A.B. asks: 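One structure is given below, represented as C-alpha cells, and several questions about it will come after.
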Amino acid sequence: MTQNPKRYTITAALPYTNGPIHIGHLAGVYVPADIYARYLRLTGNDVAFMCGSDEHGVAIPMRAKKEGVSPQDIIDKYHGIIKKSFNDFGISFDNYSRTSAEIHHETASDFFKKLYKDGEFIEEVTEQLYDAEADQFLADRFVVGTCPKCSYEEAYGDQCENCGSSLSGTELINPKSAITGNVPTLKQTKHWFLPLDKYSDFLTEWIVEGHKKDWKPNVYGQVKSWVDDGLKPRAVTRDLDWGIPVPVEGAEGKVLYVWFDAPIGYISATKEWATREGKDWEPYWKDEDTKLVHFIGKDNIVFHCIIFPSMLKAHGDYILPDNVPANEFLNLEGNKLSTSKNWAVWLHEYLEDFPGKEDVLRYTLTANAPESKDNDFTWKDFQARNNNELVAILGNFINRVVVLTHKYYDGIIPEYTGEYEELTQVKHFPAIISSSIERYRFREASQELMNLARLGNQFLQANEPWKKIKEDPETVKGIMYVALQIASAIAVLSEPFLPFTSNKLKGILALDADLSWNDISTKEVLIPAGHKINPGELLFAKIDDKEIQAQLDKLEATKKANEAANKEVVPQKETATFDDFTKLDLRVGTIIEAEKVRKTKKLLKLIVDTGLDQRTIVSGIAESFTPEEIIGKKVTVLANLAPRTIAKVESQGMILMTETPEGKLVFVNPDEDGVNNGETIN
RNA sequence: AGCGAUAUAGCUUAAUUGGUAAAGCACUGGUCUCAUAAGCCAGAAGUUGAAAGUUCAAAUCUUUCUAUCGCCA
C-alpha cells in the first residue's frame, strides 16, 4: 500500500456512450468515487479525479448503423447528456474528457508505439471471418452462429450467452454476418497481441501475494483465478473502421481494441486537465508517492487488474493502482438494469423529476450500495430513506436546533456554560468516518454520519432545553451551544456524502467556509458564541406516495412498451401446400421423465410417450419449467423431425411451444380428457 | 461448461483472522412536545440458502447441492 501519499489520482470507469447514465452506474462507481474524492480534498489532499466518455468499440458503429446515423452522432449525443447530468448531480470530476479527443488519440497512439518499439507485442496473422458485401471483418458481436459447446443457435462471435463460453468467431458453426446476414468467408489478417503470460509472475507477486488482505474478495478472487488458470496473449487490435488507427505500417483498416485505448483515457484526461490548470500531469501517473485508485463495476475487473496493469508495466514509466474497489451491480425493482430495455432510472430524468433532491438519490444509493453483493433499488426504499432518515433524523435535528436558537437567542450563539461530554464525542466522528471511507466502506461511513445526527437528537432529548428555558435559562445556553457545535460538525462531515445539503447547512449556520474535516477534532470551537446564524430552511422535504407512484407507473409503462415491442406479429410465411402439411407427423404425447441437461441453462432432456414409443426429446425450456412440474403433462410432438444431437444427447422430435410476452414458454397442449397418446393432429 | 463472488431478522447490512449472532429501517408498547404526525426509551423478531462432515465449540473450515450476478460489449 502506498503510505502517506503526496497526491491521489482517482479514476472512475469511463461510461460507454451508447446510452445515458443510470442509477446502476452511479451506485457502483460514480457516487463512491465522488465521496472518496471529496473526502480527500476536504482532508487537504492533492487530488486528480478523472473520468470521460468511452466512445470507441464495436457497439457504437453497430448502433449507428441500426439508427441510420453516424457513429459521431451517437457519441456526441450521449457524451453531452452524460457530461451535463454528472455536473448537475455534483460529481466533482476535476476533468471529464472523451476518448475521441485529439489528446487521447495522441496519448493512446504514443502508448502503443512505445510498446511496439520496445518489442512488447506479438504479431500474428490469423484467419478471420470476413463479410465481402459489407467489405468488413466481423469482429466480436458482428457475427452470430451456433455455439460449438452447447449448440445454442444465437451465440455471438465472442461469447455464447447460453452456456457462457468464450468463443472466437471462427469456432461458430454456421456463422452469419450480423450486418448483412451473409455467410462470411475466411480471410487472413494481422493482429498485435499483448503477451499477458509474460506478466504472470509480476501479477502474482503484486496482487496475489501483495494485496491478499486489502483488496475486496470479488476483485482478488477473480484476479487470482485468472492468474492461476494461466494467462494467454490477448489481441489489442481489431479489424474495424471506428476507433484509434493502429499507428504502425501495414495496419490500414485496423484500430486499437477498445479495452486497450479506454483505460489510457484516464491518462489523457489527466493531461488535458493539467494543461488547462497549468500543472504537470506526470507526477499523477509516474511518481511512486502518488496513490492511484480505480473505481469500477465488477464487469471491469480483469481489464483494470490484469490487462491495464500489464500495459503499464510493459510501458515501464507508470505507477500501478493501490486499490481497485470494484462494486457489484444494482437492480431496479427486482430486475436487472438494462439500457436497451429502458429498465432504469436515468440520471437526467431523475434530476428533472426531483429538482433539488440530488442528495436524496446520493444518500439512497450510498446507504444501499452494492458493495459486497448485488442490491435492489426500489422506489419504496428511496422514499423510506428520505422520510425516515434524512427528514426525520438529520433534517429534523438541524431544524430543532435552528428554530430554538432563533426563538431563544434571536439567532445568536449563546455562551458555553456547564460541561457536556458530547463535545468530546463529536471530536471522534472524523476519525470514525475516515476509517470507513479509507477502507472503501461508504455505506458504513454514511451510517456513521447519521449516528452523529442521532447523537444530536439524543442530546436534546436528554437535556430538554424547552423545559429548562423557564426555570434555568443559564443552563439552556450551554445546551444550545453544544447542539450548535454538533450541527456545525454535521455541516462539514456531510460534505462528501451530501454536498448540496452541506452547502445549504453551512449557509444557514453562516459557517466559516474554511472549516476542514480535521478541524472538527482539533478545534475547541466550531461556531463561536456571539456569531449570528441565518433564518432556517428545511434541508429535506417528505416525499409522498403520489410521487413514488408516478415513478412506479413510469416503470410499468416501460414494461408494457417492451411487451408490445416483443409482441410484434411475425409476418405470414410463404404458402404451404396440403402435401407440405401432411408431411408433418404431429402427435399427442405425455412427458414421463424430465431432467436438466448438465452444463446447459436452457435444456431439459425429456422422455415422452408418443403412443408409438417412448423417446428422448431435448427441449430448450429449462428457464420456464422445472423438471418436476412438467412430468405427466400432455404435449404436442412433431414426431418425424430428423433426429439431431443437442449437447451430446440425441433428440428424436420436437415439442410444440409458444411464448408469453414476458418470454415464458407455454405448451401447445391437447389437454382434454380422453385424448390418447399417439393420436395424430390434423 | 469452467472460474470468481454472493446468500445472515420483513428490508438493508455487521460479526477484527473457529468462541454469547449485532445494528439501522419497518413493526409493537411506552414517553416527550422544541421540531417536518418528527424525537427519545423499551420490546418482539433468526434452523446464518440446503444437506452432510471436522471440532469441546462453526455464520466462519471441508464436501456436495441450490439460487443470483460477473467473466463480451
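Since we're looking at a predicted model, the values are computed, not measured. Letters A, B, ... are given to chains in the order of the sequence lines, protein chains preceding strands, and every chain is numbered from 1.
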A.B. asks: Send over the distance from A/Glu444 CD to B/A15 P, rounded to a whole Å.
C.D. replies: 8 Å

A.B. asks: Give the nucleotide from the list B/C41, B/C25, B/A5 with an atom nearest to the side chain of A/Arg454.
C.D. replies: B/C25

A.B. asks: Tell me which nucleotide among B/U13, B/G24, B/A38 gets nearest to the side chain of A/Lys542.
C.D. replies: B/A38

A.B. asks: Watson-Crick or G-U wobble partner for B/C71, using a 3.5 Å limit on both distances?
C.D. replies: B/G2

A.B. asks: Could you tell me how far B/U33 sits from B/U12 if I compare only their P atoms? Round to whole Å.
C.D. replies: 38 Å

A.B. asks: With a 4.5 Å heavy-atom cut-off, do A/Met62 and A/Lys66 have their side chains touching?
C.D. replies: no

A.B. asks: Applying the Watson-Crick and G-U wobble criteria at under 3.5 Å, what pairs with B/A26? Answer none if nothing qualifies.
C.D. replies: none

A.B. asks: With C1' as the reference atom in both, quote the distance from B/C11 to B/C72 in angstrom, rounded to an integer.
C.D. replies: 34 Å

A.B. asks: What's the closest nucleotide to the side chain of A/Ser225 if the choices are B/G4, B/G39, B/G70?
C.D. replies: B/G4

A.B. asks: So A/Phe303, base contact, sugar-phosphate only, or nothing? Heavy-atom distance under 4.0 Å.
C.D. replies: sugar-phosphate

A.B. asks: Can you confirm whether A/Trp242 sits close enough to A/Val255 that some side-chain heavy atom of one is under 4.5 Å from a side-chain heavy atom of the other?
C.D. replies: no

A.B. asks: Considering every strand shown, what is the Watson-Crick or G-U wobble mate of B/A37 when both distances are under 3.5 Å?
C.D. replies: none

A.B. asks: Report yes if a side-chain nitrogen or oxygen of A/Arg234 is closer than 4.0 Å to either non-bridging phosphate oxygen (OP1 or OP2) of B/C72; otherwise report no.
C.D. replies: yes

A.B. asks: Across the strands shown, which category fits A/Leu390 at heavy-atom distances under 4.0 angstrom: base, sugar-phosphate, nothing?
C.D. replies: nothing

A.B. asks: Could you check which nucleotide pairs with B/G18 in any of the strands shown, counting Watson-Crick or G-U wobble with both distances under 3.5 Å?
C.D. replies: none

A.B. asks: For A/Asp472, is there an ion pair with A/Lys468 - N to carboxylate O distance below 4.0 angstrom?
C.D. replies: no

A.B. asks: Taking the minimum atom-to-atom distance to the side chain of A/Trp466, which one of B/C34, B/C72, B/A5 wins?
C.D. replies: B/C34

A.B. asks: Give one of base, sugar-phosphate or nothing for A/Phe540, where a contact means two heavy atoms less than 4.0 Å apart.
C.D. replies: base

A.B. asks: Base, sugar-phosphate, or nothing: which does A/Asn396 touch, judged by heavy atoms less than 4.0 Å apart?
C.D. replies: base

A.B. asks: So what does A/Thr378 hit on the nucleic acid, given a heavy-atom distance under 4.0 Å: a base, only sugar-phosphate, or nothing?
C.D. replies: nothing

A.B. asks: For B/A7, give its Watson-Crick or G-U wobble partner with both distances under 3.5 Å, or none.
C.D. replies: B/U66

A.B. asks: Would A/Asp374 and A/Lys336 pass as an ion pair if we require N to O under 4.0 Å?
C.D. replies: no

A.B. asks: Considering only atom C1', compute the distance from B/A45 to B/A52 and round it to an integer number of Å.
C.D. replies: 29 Å

A.B. asks: Does A/Arg441 put a side-chain nitrogen or oxygen below 4.0 Å from OP1 or OP2 of B/A15?
C.D. replies: yes

A.B. asks: Stepwise, does the side-chain contact (heavy atoms from CB on, under 4.5 Å) test hold for A/Ile301 with A/Val324?
C.D. replies: CA-CA 8 Å; A/Ile301 291 171; A/Val324 184; 6.0 Å; no

A.B. asks: Both distances under 3.5 Å, Watson-Crick or G-U wobble: report the partner of B/G46, or none.
C.D. replies: none

A.B. asks: If you check the A/Lys467 side chain, which of B/C69, B/C32, B/A7 turns out closest?
C.D. replies: B/C32

A.B. asks: A side-chain contact here means heavy atoms from C-beta on lying under 4.5 Å apart; do A/Leu337 and A/Phe329 qualify?
C.D. replies: no

A.B. asks: Give the nucleotide from the list B/U8, B/C69, B/G24 with an atom nearest to the side chain of A/Lys373.
C.D. replies: B/U8

A.B. asks: Suppose we define a pair by two distances each less than 3.5 Å, Watson-Crick or G-U wobble; what does B/A58 pair with here?
C.D. replies: none

A.B. asks: Can you figure out which of B/C40, B/A14, B/A38 approaches the side chain of A/Ala392 most closely?
C.D. replies: B/A38

A.B. asks: Describe the nucleic acid contact of A/Lys336 in one word from base, sugar-phosphate, nothing, applying a heavy-atom distance below 4.0 Å.
C.D. replies: sugar-phosphate

A.B. asks: Is there side-chain contact between A/Leu203 and A/Val223, with at least one heavy-atom pair below 4.5 Å?
C.D. replies: no

A.B. asks: Please classify the nucleic acid contact of A/Ala462 as base, sugar-phosphate, or nothing, using heavy-atom distances under 4.0 Å.
C.D. replies: nothing

A.B. asks: In terms of side-chain heavy atoms of A/Asp229, which of B/C3, B/C72, B/C34 is nearest?
C.D. replies: B/C3

A.B. asks: Assign A/Pro217 to base, sugar-phosphate, or nothing according to its heavy-atom contacts below 4.0 angstrom with the strands shown.
C.D. replies: sugar-phosphate

A.B. asks: So what does A/Lys380 hit on the nucleic acid, given a heavy-atom distance under 4.0 Å: a base, only sugar-phosphate, or nothing?
C.D. replies: nothing

A.B. asks: Which nucleotide, B/C32, B/G70, B/C25, lies nearest any side-chain atom of A/Asn388?
C.D. replies: B/C25

A.B. asks: Of the options B/A5, B/C71, B/U13, whose atoms approach the side-chain atoms of A/Asn375 most closely?
C.D. replies: B/U13

